[in-house]
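One structure coming up, written as C-alpha cells, with questions to follow.
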Amino acid sequence: RKGGAGSDGSAHLDRQVAAAAWIITTGPDHYLLATFLMSGTRKVTAYRAELEGIYRTLVHVDQLGIAPAELEHWCDNELAVKRSNEPPTRLKHMTAPEADIILAIHHVKRKLGFPALVRHVRGHQDTRTAAGATPEGADPRGGDEEHDRGTEDELKRYLREMFGINERKK
C-alpha cells in the first residue's frame, strides 16, 4: 500500500519566525498533522522552511514506524522537490546554505527502506507572467504573506484532493 504525505513551509523575515507543517496519511481514515515553529530566524528563507517540512515529514514517518510500499510526498516548492529527489553531487550544492538539511533529507530517505518520492504540487509561486518572470512582489523561492496564512488550509486541501480525506468534526 502507498503512503501519502504533504508539507509546506513559510517564513516571515521581518518577524523572525518560520514554520513548517506536514501531514502523513496511511489511509482514508488515518492521518496525522504536525507543525514546527522556528523563532529568531533572521536568515531562514521560505525555501529552508519548505525543506524543513520535507525533512520533518520523513523523520516523523521513520519515528512512527510507518512502512508503506512507497511514500508519495507532495510539496509546492519546485527547487525543494528537486533537491530532495536528487542527492547533491556538485561542490556548490554541498556547500550551499541549505546543504545540511538536504543531506539530512537524503540520509533519512536511505534509512527508510522504501522509496520516498517528493512530488511537486502547484502553488501560488507557480503563477508566472507571460515572459516567465516571477510576479512583482513575489519571492521566487516561495513564501509571502497570503501563502503563509494559508499553510494549514493548504495541507487540508492536499488531504482532500490527493488522498480523499475530509477533516473530521470535533
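The figures here come from the full heavy-atom set of this structure, side chains too, leaving out hydrogens, waters and symmetry mates. The structure displayed is predicted, hence computed values, not measured ones.
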field: T25 side chain to H30 backbone, donor-acceptor under 3.5 Å
entry: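 Looks like yes, one N/O pair under 3.5 Å.
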query: Of all heavy-atom pairs between A20 and A49, which one has the smallest distance, and what is that distance?
result: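 Nearest pair, atom of A20 first, then A49: CB-O, 3.7 Å.
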query: Is there side-chain contact between L71 and L58, with heavy atoms separated by less than 4.5 Å?
result: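 Touching, per the 4.5 Å side-chain cut-off.
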- prompt: Residues in side-chain contact (heavy atoms from CB on, under 4.5 Å) with L91, at least two apart?
  reply: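 L91: side-chain contact (heavy atoms from CB on, under 4.5 Å) contacts with T95.
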- prompt: Under 4.5 Å between side-chain heavy atoms, hopping through other hydrophobics if needed: is there a path connecting I54 to L103?
  reply: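 Not linked; separate clusters.
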query: side chain to side chain contact (heavy atoms under 4.5 Å, CB included) between E50 and T45: does it pass, once the steps are laid out?
result: CA-CA 9 Å; E50 296 276 3; T45 62; over 6 Å; no
- prompt: Would you say the side chain of V17 lies within less than 4.5 Å of the side chain of M38, judging by non-hydrogen atoms?
  reply: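 Sidechains of V17 and M38: no contact.
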- prompt: Does V59 offer a backbone N or O that forms a donor-acceptor pair with the side chain of K111 under 3.5 Å?
  reply: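 No; zero donor-acceptor contacts below 3.5 Å.
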- request: State whether the side chain of N85 and the backbone N or O of V81 hold a donor-acceptor pair below 3.5 Å, judged by distance alone.
  value: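 Such a contact is found between N85 side chain and V81 backbone.
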query: Going hydrophobic residue to hydrophobic residue with side-chain gaps under 4.5 angstrom, can you get from I102 over to L79?
result: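 Yes, it is one cluster - the side chains of I102 and L79 are joined through contacts under 4.5 Å.
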Any side-chain heavy-atom pair of R119 and W74 under 4.5 Å: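 Answer yes - side chains close enough.
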task: State, with a plain yes or no, whether a side-chain heavy atom of H73 is found less than 4.5 Å away from one of L117.
output: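 Heavy-atom side-chain distance check fails, nothing below 4.5 Å.
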- prompt: Within the distance-only criterion (no hydrogens, no angle test), does the side chain of K2 pair as donor or acceptor with the backbone N or O of E70 below 3.5 angstrom?
  reply: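 No, the answer is negative, given that no donor and acceptor are paired below the 3.5 Å cut-off.
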message: Count I, L, V, M, F, W, Y as connected when their side-chain heavy atoms are under 4.5 Å apart, and connections chain through other members. Are M94 and V108 then in the same cluster?
response: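 No, M94 and V108 fall in different hydrophobic clusters.
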message: Is there a side-chain contact between R110 and P87 in this structure, where contact means two heavy atoms from C-beta onward sitting under 4.5 Å apart?
response: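 The answer is no; the side chains never approach within 4.5 Å.
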Summary of salt bridge (charged side-chain N to carboxylate O under 4.0 Å, His left out) pairs that have at least one residue in residues 83-93, sequence neighbours excluded: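 For residues 83-93: none.
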- prompt: Rounded to the nearest 0.5 Å, how far apart are CH2 of W22 and OG1 of T35?
  reply: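 Result: 7.0 Å between the selected atoms.
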Nearest heavy-atom neighbours spanning P115 and A69: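 Closest approach of P115 to A69, heavy atoms only: CD-O, 3.3 Å.
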field: Salt bridge present between R56 and E52 (N-O < 4.0 angstrom)
entry: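 Salt bridge present between R56 and E52.
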query: Can D62 and K109 be said to form a salt bridge (charged side-chain N to carboxylate O under 4.0 Å, His left out), step by step?
result: CA-CA 9 Å; D62 186 42; K109 285 177 79 171; over 6 Å; no
- request: Answer yes or no: is there a donor N or O on one side and an acceptor on the other, between the side chain of N77 and the main chain of Y47, under 3.5 Å?
  value: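 No; zero donor-acceptor contacts below 3.5 Å.
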task: Mind checking the CD1-OH spacing from I105 to Y55? Nearest 0.5 Å is all I need.
output: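 Rounded to the nearest 0.5 Å, the CD1-OH separation comes out at 9.0 Å.
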- prompt: Does S84 reach the side chain of L51, with side-chain heavy atoms less than 4.5 Å apart?
  reply: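 In contact.
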D8 side, atom CG; S10 side, atom OG - distance, nearest 0.5 Å: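 It comes to 6.5 Å.
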